[in-house]
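To start, the structure under review is shown below, and the notes come after it.
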2 protein chains.
Amino acid sequence: MNIGEIARRAGVSRSTVSYALSGKRAVSEVTRRRILRVIDEAGYRPNASARALAEGRTRTIGLVIPPAGRRLTPIQLGFVAGIVAAAGRHELDVLLSPSGGEHDRSFERIIEGRRVDGVILTEIRLRDARAARLRDSGVPFVSIGHTVGAEAGSWVDLDYEGLAAGCVHHLADLGHRVIALLNRPREFLDSGYGPASRALAGFTAATAARSLDATTVCCPDDATAGQNRVEDLLAARPEITGIVTVNEAALPGVERALRRLGRAVPALFSVTGVVGRHWAEEFHPPLTAADVPVEEMADRAVELLAERISAPAAPARHVLLRPPISLRASTAPPSP
Amino acid sequence: MNIGEIARRAGVSRSTVSYALSGKRAVSEVTRRRILRVIDEAGYRPNASARALAEGRTRTIGLVIPPAGRRLTPIQLGFVAGIVAAAGRHELDVLLSPSGGEHDRSFERIIEGRRVDGVILTEIRLRDARAARLRDSGVPFVSIGHTVGAEAGSWVDLDYEGLAAGCVHHLADLGHRVIALLNRPREFLDSGYGPASRALAGFTAATAARSLDATTVCCPDDATAGQNRVEDLLAARPEITGIVTVNEAALPGVERALRRLGRAVPALFSVTGVVGRHWAEEFHPPLTAADVPVEEMADRAVELLAERISAPAAPARHVLLRPPISLRASTAPPSP
DNA sequence: TTGTACGCGTTATCAG
DNA sequence: CTGATAACGCGTACAA
């Protein structure tokens with residue numbers, strides 16, 4: 001069933017059928033009703049490919065995520081779910097592209113074939129080949145996360161610098177004097193991954209401002225590494241009384257390490273940081289932390305992208321979110 | 001840049017350009033080279049929408065996942081990542097549709113607009129409105145998971161019945177006489193969710209066959225619930241020496257409950273089951289369990305779908321996987 | 001208020 | 001071996 005057949009059955013031209021459906025041109029009420037009845041009887045739906053071709057837009061956005069090899073974290077999963085939901089509210093479908101490096105097949109297919117009206121990039125790096133590619137090709141895009149010098153593109157990000165500093169101040173206010181930062185993996189820091197480097201900057205600046213004794217350590221994104229790092233850290237520096245972490249995947253290991261070392265939380269040891277709400281709630285005791293507002297970030301990213309698609313010439317917009325630290329039960333004054 | 005312009009610059013017809021690219025008709029070497037050079041210079045890429053229209057296929061598959069409200073488990077995330085990767089190997093893109101209930105916007109958009117050549121359904125239910133809808137509309141589909149009476153469609157599934165039985169036999173062989181099944185949430189069982197009901201059936205049959213004292217309990221998909229369920233279970237029936245679980249999200253809670261109750265694993269208590277490898281490895285001690293072969297299931301699902309797309313009339317195929325139980329460190333003979 | 005023509009890429013067909 | 005043409009299916013600028 002196609003629009004021509006509907007037109008034939010309704011005794012009108014194809015354009016009249018199209019206008020009756022879109023309302024972009026006046027169609028007499030009688031004609032419109034007749035057309036709609038025929039459409040209803042025939043169960044006609046416009047073909048998306050033909051529509052995309054004629055309109056010059058696909059009503060689809062691309063969502064670029066790290067390839068399957070690198071394990072997706074629950075936060076990234078949250079972005080995917082949130083973006084798909086938000087896109088649905090804008091009547092947009094989502095094409096998933098697992099692309100990391102330079103010339104990625106699925107990424108190229110999507111861009112070159114103009115399969116999408118815009119792209120959302122996640123896990124953006126300092127020099128991001130995908131962002132450069134999108135700029136060159138003129139496809140509107142928004143990134144979740146930003147890098148310095150990326151002012152040209154729109155982005156949504158978390159103020160890791162301010163949040164890490166906020167955590168430091170919280171611990172300092174409670175009376176902690178010797179604290180540590182449990183950061184993301186070393187490679188992430190080295191490759192200029194924003195959250196890792198900005199958390200480090202915020203932590204360093206705030207501990208200096210409060211004259212705290214500060215240690216920082218990188219940690220792979222898994223529980224075993226988290227356990228090892230914390231055990232090593234407290235063996236080397238037993239005087240540490242609190243940890244700020246931005247590595248949520250390490251949390252179960254942090255919990256285990258502290259238990260094994262007899263550092264009861266929060267009586268003898270405080271833990272805080274920036275993590276997904278799920279992880280904060282699963283921690284024992286529940287973690288006092290800035291919850292990553294995954295859904296809000298996804299919403300804003302889609303919103304920004306929808307804007308850039310409809311007005312590509314408008315100036316880029318930047319959204320830097322700074323959620324509050326949710327007081328739960330993992331921080332307290334240090335034991336004397 | 002379009003194919004007509006390429007044809008003009010190369011001094012050939014549009015069809016020759018197309019044939020030179022696809023190889024579906026012989027084109028002289030000289031002409032072909034000239035065309036390819038022009039294409040290269042102009043940076044021409046066929047428009048995917050126009051190609052989809054002409055070919056009558058989109059080179060895209062739909063992946064239907066539970067909506068964002070219901071938390072996605074790491075296994076589901078694994079399916080998404082695995083399917084996207086496998087689809088990429090078939091030169092297929094993936095359109096994500098978070099759809100659960102009856103009339104879901106994004107699902108309808110995808111099906112009615114013929115935006116996809118086929119669909120992969122996950123989290124399939126006993127009477128699945130989406131499966132019925134796909135059957136009616138004639139869109140090829142494959143489901144991950146199956147229900148009785150769904151013989152008409154192709155599917156890939158895990159033999160939860162055999163796997164649960166295998167876990168029971170493993171515990172029975174070690175000498176356990178009183179064991180329990182920690183199942184998925186009660187609503188899942190009630191709504192005819194296959195893995196939950198088949199695990200229950202396999203567990204029940206095997207414990208009966210081995211004359212074991214068996215208890216079964218449902219458990220919401222989270223750690224806190226897991227802890228509560230296990231604590232309640234062992235308070236009511238302290239003689240239980242082993243647990244079979246198909247609820248991976250509950251595992252961190254299971255670990256906590258056993259520790260609190262002083263049931264050292266595996267010396268005093270055994271734990272086994274069917275869970276994603278990641279969860280098995282994060283458990284302390286590492287969990288002896290049948291690892292859900294997420295990647296293989298994703299591969300097979302895409303493969304089956306590719307077959308159904310190319311030969312829709314061919315009979316449906318069913319793949320029932322039964323991975324081995326990986327011996328790690330969480331089971332041992334019961335203490336005397 | 002309605003109809004016509006165009007654009008997009010692939011492919012079958014007919015004609016060289 | 002190559003070219004020309006039409007059809008696929010839609011939205012929409014433009015003409016009537």
Side-chain angles (χ1 to χ4, degrees), chain A residues 1-36 38-39 42-60 91 93 109-117 309-310, chain B residues 1-36 38-39 42-60 91 93 109-117 309-310:
Chain A
M1 186 53 51
N2 61 43
I3 201 171
E5 180 61 19
I6 299 295
R8 199 188 57 71
R9 294 193 192 181
V12 297
S13 75
R14 304 186 318 134
S15 58
T16 303
V17 175
S18 181
Y19 288 123
L21 279 172
S22 71
K24 294 191 178 175
R25 191 169 84 174
V27 173
S28 75
E29 187 57 20
V30 218
T31 313
R32 203 178 64 82
R33 277 183 195 284
R34 189 170 69 245
I35 290 170
L36 292 181
V38 172
I39 284 175
Y44 162 77
R45 299 290 158 194
N47 177 303
S49 299
R51 164 179 274 189
L53 175 58
E55 284 191 322
R57 61 171 174 157
T58 58
R59 298 165 187 266
T60 304
E91 305 275 88
D93 286 317
R109 264 203 309 272
I110 286 176
I111 303 310
E112 293 183 334
R114 278 146 292 179
R115 297 185 64 109
V116 296
D117 300 334
I309 290 172
S310 59
Chain B
M1 187 52 52
N2 60 44
I3 201 172
E5 180 62 19
I6 299 295
R8 199 188 57 71
R9 296 194 191 181
V12 297
S13 75
R14 302 191 317 139
S15 53
T16 302
V17 175
S18 182
Y19 289 123
L21 278 171
S22 70
K24 294 192 178 174
R25 191 169 85 172
V27 173
S28 75
E29 189 57 20
V30 217
T31 313
R32 204 178 64 81
R33 278 184 194 285
R34 189 170 69 244
I35 290 171
L36 292 181
V38 172
I39 283 175
Y44 163 77
R45 299 291 158 191
N47 177 305
S49 299
R51 163 179 273 187
L53 174 59
E55 287 189 323
R57 61 172 175 154
T58 59
R59 298 164 186 267
T60 304
E91 305 275 270
D93 285 318
R109 264 203 309 271
I110 286 175
I111 304 309
E112 293 182 335
R114 279 146 291 178
R115 297 184 65 108
V116 296
D117 299 334
I309 290 172
S310 59

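In what follows, chains carry the letters A, B, and so on, assigned in the order in which the sequence lines appear, proteins first and then strands, with residues in each chain numbered from 1. When reading the values below, keep in mind they use all heavy atoms of this one structure, side chains included, and skip hydrogens, waters and symmetry mates. Predicted, not measured: the structure shown is a model, and the values here were computed from it.
- Atom-to-atom, CZ of B/Arg32 to C1' of D/dG3 comes out at 19 Å; the value is rounded to the nearest Å.
- The two residues B/Gly4 and B/Arg14 have their closest heavy-atom pair at CA-CD, 3.7 Å.
- Taking all atoms of both residues into account, the shortest heavy-atom contact from B/Asp117 to B/Ile309 is O-CG1, 3.5 Å.
- Summarising the geometry, the separation between CD on B/Glu5 and P on C/dC6 is reported as 18 Å, rounded to the nearest angstrom.
- Heavy atoms of B/Thr31 sit under 4.0 angstrom from primed sugar atoms or phosphate atoms, though from no base atom.
- Of the candidate nucleotides C/dG7, C/dT2, C/dT10, C/dT10 has the atom lying nearest to any side-chain atom of B/Glu55.
- A straight line from CG of B/Leu53 to P of C/dC6 spans 18 Å, rounded to a whole angstrom.
- OP1 or OP2 of C/dT10 has not a single side-chain nitrogen or oxygen of B/Lys24 nearer than 4.0 Å.
- You'll find a donor-acceptor pair under 3.5 Å spanning the side chain of A/Arg25 and the base of C/dT2, going by distance alone.
- Less than 4.0 Å separates DNA chain C from at least one heavy atom of each of the following residues of residues 11-18 of chain B: B/Arg14, B/Ser15, B/Ser18.
- Nearest-nucleotide assignment on DNA chain C puts the 5′-proximal partner with A/Arg114, out of B/Tyr19 and A/Arg114.
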When the side chains of residues 18-27 of chain B are checked against the rest of the protein, which donor-acceptor pairs come out under 3.5 Å, sequence neighbours left out?
unit_1  : atom_1 : unit_2  : atom_2 : d
B/Ser22 : OG     : B/Ser18 : O      : 3.3
B/Ser22 : OG     : B/Lys24 : N      : 3.2

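- Following rounding to the nearest Å, B/Met1 (CE) and C/dG7 (P) show an atom-to-atom distance of 15 Å.
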Report, one line per pair, each donor and acceptor closer than 3.5 Å where one atom sits in a side chain of residues 49-57 of chain B; sequence neighbours left out.
unit_1  : atom_1 : unit_2  : atom_2 : d
B/Glu55 : OE1    : B/Arg59 : NE     : 3.1
B/Glu55 : OE1    : B/Arg59 : NH2    : 3.2
B/Glu55 : OE2    : B/Arg59 : NH2    : 2.9

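- With rounding to whole Å, B/Arg59 atom CZ is found 11 Å from C/dG9 atom C1'.
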(request) Could you walk me through whether B/Asn47 and B/Asn2 pass the side-chain contact (heavy atoms from CB on, under 4.5 Å) test, one step at a time? (result) CA-CA 8 Å; B/Asn47 177 305; B/Asn2 60 44; over 6 Å; no
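- Listed for the A/Thr58 side chain is a donor-acceptor partner under 3.5 Å among the backbone atoms of A/Arg115.
- Residue A/Ser22 is out of contact with every strand shown, counting any heavy-atom pair closer than 4.0 Å.
- Separating the CG atom of A/Asn2 from the P atom of D/dA7 is a distance of 13 Å, rounded to the nearest angstrom.
- The separation between B/Ile3 atom CD1 and D/dG3 atom C1' is 14 Å, rounded to whole Å.
- Minimum atom distance to the side chain of B/Ala26 is reached by D/dC1, of the listed D/dG9, D/dG11, D/dC1.
- Side chain B/Arg51 to base C/dG7: no donor-acceptor pair is found below 3.5 Å.
- Atom CG in A/Leu21 sits about 14 Å away from atom C1' in D/dG9, given to the nearest Å.
- Annotation for A/Arg45 and B/Arg114: closest pair O-NH2, 2.8 Å, computed over non-hydrogen atoms.
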